There are 2 protein chains.
Amino acid sequence: MSESWQELRDRRMAEPGAAEAYEAARLAYELGKAVRAMREERGWTQSDLARRASMTQSAVARFEAGGTMPTIPLLERLAEALGMRLNVGFQPLREAS
Amino acid sequence: MSESWQELRDRRMAEPGAAEAYEAARLAYELGKAVRAMREERGWTQSDLARRASMTQSAVARFEAGGTMPTIPLLERLAEALGMRLNVGFQPLREAS
DNA sequence: CTTTCTCATAGCATCAACGCTATGAGCTGG
DNA sequence: CCAGCTCATAGCGTTGATGCTATGAGAAAG
């Protein structure tokens with residue numbers, strides 16, 4: 001499972017310019033997971049969150065599944081609904097193994 | 001100058017659901033400023049950065065000016081070009097001011 | 001088996017970001 | 001005055017995210 005992730009990563013990294021695309025997809029996936037976790041933490045259904053974030057249940061499902069690359073305004077609305085703050089910025093490259 | 005920003009903010013905040021839109025616009029503006037700072041720090045022209053990030057000079061200018069809401073993949077490419085890491089996530093709401 | 005709730009997915013329309021080309025403004029140095 | 005460089009901006013076509021509606025799968029309860 002973790003092994004296949006590494007392989008996928010290496011394969012994609014071989015293609016030029018695919019590193020960012022992969023990173024972006026990874027980000028979408030992780031953001032979806034994070035929102036789902038926070039939503040369930042609050043005992044909300046997708047419809048609940050959707051209403052609070054001025055969107056539809058289908059949009060929430062799509063986002064949580066990482067099906068699309070979320071836009072900043074969407075993330076902002078979700079953050080607001082969840083009582084969180086959206087953080088977007090650049091960090092110095094950490095040399096992690 | 002700073003006064004007009006406040007007025008704009010207050011006016012927009014009055015409309016429902018505009019808080020996130022404002023925050024998003026603010027984010028776009030700040031990201032543009034940050035990238036410009038990092039670019040100049042490295043002594044690069046917009047064309048230099050554009051080449052490294054696989055985009056055109058006009059796209060860099062548009063982004064730095066905060067003219068559009070940047071997408072995650074774009075930010076990822078810029079981060080890569082600048083040797084930085086893009087960070088996107090949610091933070092607990094801090095009660096500032 | 002039927003109802004209900006939750007989530008996933010599809011199809012479609014709209015809208016905005018992005019790539020691209022071209023051009024103009026501002027500055028500097030010849 | 002005339003390049004040359006840097007940045008800003010406009011127009012246009014393409015692409016993809018989002019909003020919306022509708023429907024299906026799966027589980028739980030009756």
Side-chain angles (χ1 to χ4, degrees), chain A residues 16-82 86 88, chain B residues 12 15-82 86 88:
Chain A
E20 312 81 30
Y22 169 73
E23 280 300 329
R26 179 177 222 272
L27 232 172
Y29 175 72
E30 306 237 342
L31 284 171
K33 262 203 324 191
V35 166
R36 162 159 297 184
M38 292 189 287
R39 175 176 64 81
E40 294 180 336
E41 218 176 270
R42 289 160 176 73
W44 296 350
T45 66
Q46 288 184 342
S47 296
D48 291 334
L49 177 57
R51 186 166 6 88
R52 291 168 190 262
S54 302
M55 49 199 292
T56 57
Q57 176 265 329
S58 69
V60 173
R62 186 163 45 186
F63 166 77
E64 284 188 355
T68 61
M69 193 65 48
T71 57
I72 308 279
L74 182 73
L75 295 174
E76 203 83 57
R77 293 214 309 268
L78 286 170
E80 169 98 353
L82 289 163
L86 178 64
V88 182
Chain B
R12 297 212 173 169
E15 304 168 17
E20 313 81 32
Y22 169 74
E23 280 301 329
R26 180 176 222 271
L27 231 171
Y29 175 73
E30 306 238 342
L31 284 170
K33 261 203 327 191
V35 165
R36 163 160 295 183
M38 292 189 286
R39 174 177 65 81
E40 293 179 337
E41 219 176 270
R42 289 160 175 73
W44 296 351
T45 66
Q46 289 183 342
S47 296
D48 290 334
L49 177 56
R51 188 167 3 89
R52 292 168 190 262
S54 301
M55 50 200 293
T56 57
Q57 177 265 327
S58 68
V60 172
R62 184 162 48 188
F63 166 76
E64 285 188 356
T68 60
M69 194 63 50
T71 58
I72 309 279
L74 182 73
L75 294 174
E76 203 83 56
R77 293 213 309 268
L78 287 170
E80 169 98 352
L82 289 164
L86 178 64
V88 182

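Numbered from 1 within each chain, the chains take letters A, B, ... in sequence-line order. Predicted model only: the values in this text are computed from it and were never measured.
When distances are taken from the side chain of B/Leu74 to each of D/dG19, C/dT21, C/dC18, the shortest belongs to C/dC18. The side chain of B/Thr45 sits closest to D/dT6 out of C/dC18, D/dT6, C/dG19. The side chain of A/Ala61 sits closest to C/dT9 out of C/dT9, D/dT18, D/dA17. Side chain of A/Pro70, nearest nucleotide from C/dG19, D/dT18, D/dA8: D/dT18. Side-chain atoms of B/Gln57 lie closest to D/dC7 of the nucleotides D/dC7, D/dA17, C/dC18.
Between the CZ atom of B/Arg51 and the P atom of D/dT6 there is a distance of 10 Å, given to the nearest Å. Spacing between atom CE of B/Met69 and atom P of D/dT18 amounts to 13 Å, rounded to whole angstrom units. For the pair B/Glu64 CD and D/dT9 C1', the interatomic distance rounds to 14 Å; values are reported in whole Å. Straight-line distance from the CD atom of A/Gln46 to the P atom of D/dG24: 19 Å, rounded to whole Å. Between the CG atom of B/Leu75 and the C1' atom of C/dA17 there is a distance of 12 Å, given to the nearest Å. Here the C1' atom of nucleotide C/dG19 and the CZ atom of B/Phe63 are 16 Å apart, to the nearest Å. Between the CG atom of B/Leu78 and the C1' atom of C/dA17 there is a distance of 13 Å, given to the nearest Å. Between B/Met55 atom CE and C/dC20 atom C1' there is a gap of 12 Å when expressed in whole angstrom units.
For B/Arg36 and D/dA8, the shortest distance from a side-chain N or O to OP1 or OP2 is below 4.0 Å. Residue A/Arg39 places no side-chain N or O under 4.0 Å from the OP1 or OP2 atom of C/dT6. Checking the phosphate oxygens (OP1, OP2) of C/dC18, a side-chain nitrogen or oxygen of B/Thr71 falls inside 4.0 Å. Between C/dA16 and B/Arg62, no contact under 4.0 Å exists linking OP1 or OP2 to a side-chain N or O.
Summarising the geometry, atom CZ belonging to A/Phe63 is positioned 8.5 Å from atom OG1 belonging to A/Thr68; distances are rounded to the nearest 0.5 Å. Taken to the nearest 0.5 Å, the CD atom of A/Glu40 stands 9.0 Å off from the CD atom of A/Gln46. The CZ atom of B/Arg39 sits 11.0 Å away from the CG atom of B/Leu78 when rounded to the nearest 0.5 Å.
At the heavy-atom level, B/Ala59 lies under 4.0 Å from the strands shown only through sugar-phosphate atoms.
The side-chain heavy atoms of B/Trp44 and B/Arg52, taken from C-beta on, include a pair separated by under 4.5 Å.
Residues B/Ala53 and A/Asp48 both approach DNA chain C. Their nearest nucleotides, taken by heavy-atom distance, put A/Asp48 toward the 5′ side.
B/Arg42 approaches B/Leu82 most closely through the heavy-atom pair NH2-O, 2.9 Å.
Side-chain atoms of B/Ser58 come within donor-acceptor range of the base of C/dT21, with a qualifying N/O pair under 3.5 Å.
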